[in-house]
Amino acid sequence: EVSITKFPADERKIIAKAHDKYKKARAGIINTRHGQIHTPAFMPVGTKGTVKAMLPESVQTTGADIILGNTYHLMLQPGAKRVFKLGGLHKFMNWSKPLLTDSGGFQVMSLSKLRKITEEGVIFNSHIDGSKFMLSPESSTEIQYLLGSTITMAFDECTPYPSTYEQAKSSMELTSRWAKRSRKAFYSRDGYGQFGIIQGSIYNDLRLKSALDLIELDFEGYAIGGLAVGEGQELMFKVLDYAPDLLPINKPRYLMGVGKPADIIGAVQRGIDMFDCVIPTRSGRNGQAFTKYGVVNIRNSKYKEDNTPLEEDCLCPACKNYTKAYLHYLVKVKEILGAMLMTWHNLMYFQKLMLRIREYIAQGKDFDFIS
Ligand SMILES: CNc1nc2cc3nc[nH]c(=O)c3cc2[nH]1
Ligand SMILES: [Zn+2]
């Protein structure tokens, strides 16, 4: 059973009362077969069964309770059956804590050149060797089972932005039909869960209908899809002002693909519990470090003789043992250690942000100014 246990309300009442705008924020624990997830939680992205430039034990030291794997990449290489034969993704990648795998639909649409959406599913040619594949609610759910993921995502269609009301309506209805088939194909086991993904773009009546359709299927958790697809923060928050409230209050709510620290803070304030985003890892490899002073573009020449750490009080190896000058140099000459240290720092920064958010919620304190 994947369940979320919240801090007892009376405990929070005793500590302090935060402003109304924080009343939707909640901190809790999701109990799974592979351990607990402290929420609000940030999931580092481990696309091809590895968080790029990080050892799994290093990811663990940053405080991450759960990482995300991409079904689309793993089904193409090394193949779900092979991972299953080798003992599952946890063993294969030496990560024993919770794993969430996405359902592959989003990646197919963004990565494979030729694809065709039918009622049955999505037929596509691999972006690697052009060979033909089909992803459907059934095959996606089976692939995620073979990978051994702790949290399986329903197979959905991410409605593009912008979409007309009609386009969003038919896309949401397809997602509802696919959710039903995904739920039927799910092999439920204690401590494992499957999350439905609601769509409906920016139209509140479609979001409501999507939520009602999926609540009927009694998923262990719910994701809000169709956001962070170019609509911008203002419009995303406008949807998040009401969408999380359409979902069961006692189940995890996961906002897919989000985001920058300010996006995460705003979404937590609106009732979101889980996040995944490539920003800390991808931007780290590109020389961007998140710090309390703002984002540092380490390639900037002003750092070439800067003998100070990214953050003097950060406990990550980059900050403890190296200077901005060294990181500047490593990134400039494209040394692998540069990608490693920048990634490690950013993952540490994002997990510290989540830890502080959890603490502030537990103490009923406002957490607007954290960034
Ligand atoms: C980076 N932004 C972003 N990553 C996403 C992944 C998704 N997967 C399934 N379904 C979605 O709607 C969806 C939306 C997303 N937005
Ligand atoms: Zn650091």
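One-based numbering, in listed order, for ligands and for the atoms of each.
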Answer yes or no: is there an ion pair linking Asp306 with Lys302, defined by an N-O contact shorter than 4.0 Å?
no
Side-chain heavy atoms under 4.5 angstrom apart, residues restricted to Ile, Leu, Val, Met, Phe, Trp, Tyr: same cluster for Met342 and Leu315?
no
Lys/Arg-Asp/Glu bridge criterion (N-O < 4.0 Å) met for Asp218, Arg183:
no
State whether Lys169 and Glu173 are salt-bridged, where the test is any N-O pair (Lys NZ or Arg NE/NH1/NH2 against Asp/Glu carboxylate O) under 4.0 Å.
yes
Nearest non-hydrogen protein atom, atom 10 (N) of ligand 1
Asp156 OD2, 2.7 Å
The angle formed at the Zn ion (ligand 2) by SG of Cys319 and SG of Cys316 is about (to 10 degrees) 110°
Which atom name would you report as the N, O or S atom of His345 nearest the Zn ion (ligand 2)?
ND1
Closest non-hydrogen atom pair, Asn70 against Gln107
ND2-NE2, 3.4 Å
Among all protein heavy atoms, pick the one closest to atom 12 (O) of ligand 1 and tell me residue, atom and distance.
Gly226 N, 2.7 Å
Under 4.0 Å from a heavy atom of Gly257: give me the atoms of ligand 1 that qualify, with their elements.
1 (C), 2 (N), 3 (C), 4 (N)
Which residue is it: Arg253, Arg26, Lys24? I am looking for the one with a salt bridge (charged side-chain N to carboxylate O under 4.0 Å, His left out) to Asp273.
Arg26
Got the closest protein heavy atom to atom 13 (C) of ligand 1, with its distance?
Phe106 CD1, 3.8 Å
Sub-4.0 Å atoms of ligand 1 with respect to non-hydrogen atoms of Gly225
11 (C), 12 (O)
Looking only at protein heavy atoms, which one is nearest to atom 2 (N) of ligand 1, and how far off is it?
Ala228 O, 2.9 Å
Taking Leu227 as the starting point, is it possible to reach Ile272 by hopping between hydrophobic residues whose side chains are less than 4.5 Å apart?
yes
For ligand 1, is there an atom lying under 4.0 Å from some heavy atom of Leu227?
yes
Ligand 1 contacted by Gln199 (non-hydrogen, < 4.0 Å)
yes
